[in-house]
Amino acid sequence: MCGIVGYIGGKEAQPVLLSGLKRLEYRGYDSSGIAIISSKNNIEIRKSPGKIRELEKLLKNRPLCGMAGIAHTRWATHGAPTQINAHPHQDCRGKIAVVHNGIIENYEALKEKLTKEGHFFRSQTDTEVIVHLIEKFYRGIPLEDAVAKALKMLSGSFAIGVVAAEEPDKLVGARRGSPLIVGLGNGENFLASDVPAVLGFTKKVIFLGENEMAVLSKKDCRILGLDLKHIPKEVVPIRWDIGQAEKMGFEHFMLKEINEQPGILEHLINSRIKKKTGQIYFQEQNIPKLKLRGIKNIFIVACGTAYHAGLVAKYVLESYCRLPAQIDVSSEFRYRDLLIGPETLVIAISQSGETADTLAGIREAKRRGATILSICNVLGSTLTRESDGLIYTHAGPEIGVASTKAYTAQLAALYLFSFYLARVRGVLSARGLKKLLQQLHKIPSCQKQILKQQKNIASLARKHSHLGSFLYLGRNVNYPSALEGALKLKEISYIPAEGYAAGEMKHGPIALIDEYRAVVCITPSSKVYEKMVSNIQEIRSRKGRIIAIASSGDREIKDLTSEVIYIPRIEEIFSPLLVALPLQLMAYHIAVKRGCDVDQPRNLAKSVTVE
């Protein structure tokens with residue numbers, strides 16, 4: 001949530017900062033602002049509630065000139081999304097400006113103390129205490145020294161960008177708990193809260209670690225600890241193409257990302273399986289096989305869509321690895337009395353690798369001696385640095401807030417790891433693995449067949465877009481698919497939707513069935529197929545509007561409802577990888593029909609970096 005961009009170089013900063021902000025819109029925000037050091041060494045600020053286009057209107061009438069500055073998109077926490085609460089914030093003299101992601105937990109005590117010392121606060125934000133603390137210490141010392149002193153007094157999480165009128169050739173950034181990167185250019189340098197913001201300018205990036213600070217000039221970059229000691233850092237080349245962060249002719253990022261899934265899965269699967277031996281290979285999975293053989297139980301921690309991927313993995317791990325697997329949403333996991341230890345494997349799943357609750361969960365698990373494996377999409381993120389082993393999903397930047405391609409990439413990575421672990425533990429034969437991987441190799445082409453039906457799925461979605469609520473039903477490995485389908489619809493269309501294990505329908509949800517509600521029944525060929533058919537019969541007898549997702553050639557379903565989306569036949573265990581696409585497309589087209597902001601749904605953020 002929130003977005004930070006900083007620039008110092010030989011160009012006019014305003015267009016660079018605006019470009020970066022636009023590439024971070026997917027993170028979710030409700031106001032934006034920009035601060036630039038002018039040629040007269042004054043800090044000038046423009047900020048506005050609403051979308052970036054409102055800020056652009058201000059800048060069109062009153063442009064900012066200068067070659068160093070910071071910009072921000074804010075997702076409101078402390079204080080309403082107003083002009084005064086928007087970032088950047090300034091000190092009393094207007095000589096320092098700060099942008100901030102995160103939450104300062106002790107801001108009230110700090111604000112009270114600073115007010116007594118004569119500091120004047122303009123906003124209701126927690127962020128403003130940061131700039132006044134810097135002002136307090138900025139007396140005859142370099143800006144970075146004052147920033148370090150201020151940050152040592154903060155409790156909570158932060159990623160910040162700071163500029164000062166007295167040092168116009170300097171840009172300072174720092175982080176604890178919220179992501180921040182440095183982009184290295186030729187005669188220019190950048191700060192950003194995520195890689196897409198700098199992709200148009202550089203592909204050389206430094207990922208800042210906890211309590212690290214970047215001091216940037218046009219030609220120099222120093223990474224320091226809060227003790228001001230130098231920290232050597234690796235420069236990471238980014239392999240994403242800027243086109244991956246653009247719509248490429250699609251109406252929305254979400255639709256583009258739905259259509260990217262076959263290619264992403266094909267690459268992920270092929271890159272993880274050695275052609276000569278047919279063995280699964282993870283270059284970055286550094287947990288020794290001996291350690292994996294000693295694992296006695298598995299805990300999966302994740303949030304939102306990643307949690308649903310983990311639910312699917314629970315079925316797969318228990319079926320093939322013969323290990324008990326539990327799953328928690330991260331925000332609950334961290335507060336449990338956890339019965340875990342050195343024989344526990346914790347699998348943490350996060351698209352961004354910066355999800356606050358997931359990070360807190362793995363830290364507690366590590367404290368208790370567990371081994372941590374992370375499934376993540378973002379190179380160099382906090383989660384990947386704090387895990388014992390990791391598997392990158394390599395899905396590329398996902399701009400749409402509602403996750404699509406990251407979800408199926410997570411699923412594919414989890415399938416592969418489950419089969420790898422089963423082989424390591426000696427409970428899956430080489431022949432059995434070969435058969436499973438043959439099925440997995442079919443998934444991308446099966447997904448392509450589903451995408452050929454997009455016009456029909458869109459028509460069906462528009463037909464039902466007026467309904468006031470939806471119920472999603474699935475069984476066994478597609479119970480998580482029902483939860484994910486409901487979540488997608490809620491996220492982008494704002495229609496109330498619930499996902500249920502179909503066997504639970506008679507224990508309450510059946511009371512909701514009537515002609516004003518659509519019931520999406522996930523009914524591919526499976527060992528629970530007849531049970532699902534019985535559920536459909538019950539819904540039909542109560543005049544429910546049934547939309548079925550079924551395996552190609554299923555005539556029985558056609559007799560029960562005329563609204564059927566067919567998917568290719570595949571082994572039941574892999575069906576969530578196919579079911580996901582029609583569920584995503586249905587949610588997308590319903591939201592478009594209702595006129596919703598598909599890529600940036602209200603109140604949501606792409607990366608939740610605070611609790």
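Given the structure is predicted, the values throughout are model-derived calculations rather than measurements.
With sequence neighbours left out, K452 forms a side chain to side chain contact (heavy atoms under 4.5 Å, CB included) with no residue at all. Contacts of S551 classified as side chain to side chain contact (heavy atoms under 4.5 Å, CB included), with partners at least two apart in sequence or in another chain: P524, S525, R569.
Under a 3.5 Å cut-off, the side chain of Q261 and the backbone N or O of I258 do form a donor-acceptor pair. Side-chain atoms of E491 never come within 3.5 Å of backbone atoms of P601 as a donor-acceptor pair (strictly under, hydrogens ignored). When atom types are taken as modelled, the side chain of Y392 and the backbone of T384 share no donor-acceptor pair closer than 3.5 angstrom. Side-chain N or O atoms of Q584 include none that pairs as donor or acceptor with a backbone N or O of K488 at under 3.5 Å. At least one donor-acceptor pair closer than 3.5 Å links the side chain of Q454 to the backbone N or O of L451. Side chain of E354 to backbone of T382: a donor-acceptor contact under 3.5 angstrom is found. Listed for the E257 side chain is a donor-acceptor partner under 3.5 Å among the backbone atoms of I399. With S271 contributing its side chain and L268 its backbone, the two residues share a donor-acceptor pair below 3.5 Å. At least one donor-acceptor pair closer than 3.5 Å links the side chain of D599 to the backbone N or O of F253. The backbone N or O of C376 lies less than 3.5 Å from no partner atom in the side chain of S374, so there is not a single donor-acceptor pair.
Side-chain polar atoms of T393 and Q410 form no donor-acceptor pair below 3.5 angstrom. Between the side chains of S350 and T355, a donor-acceptor pair is found at a separation under 3.5 Å. Side-chain contact check for E572 and N476: at least one donor-acceptor pair (N or O, by modelled atom type) lies under 3.5 Å.
Contact check on E284 versus R272 returns a salt bridge, with a Lys/Arg side-chain nitrogen under 4.0 Å from an Asp/Glu carboxylate oxygen. Salt-bridge check for K366 with E386: failed, with every basic side-chain N at 4.0 Å or more from each acidic carboxylate O.
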Test side-chain contact (heavy atoms from CB on, under 4.5 Å) applied to V312 and Y415, step by step: CA-CA 9 Å; V312 175; Y415 281 110; 3.7 Å; yes

Pair V329-C303, side-chain contact (heavy atoms from CB on, under 4.5 Å): steps then yes or no: CA-CA 5 Å; V329 287; C303 303; 5.7 Å; no

Steps toward side-chain contact (heavy atoms from CB on, under 4.5 Å) verdict (F417, I280): CA-CA 8 Å; F417 176 73; I280 298 170; over 6 Å; no

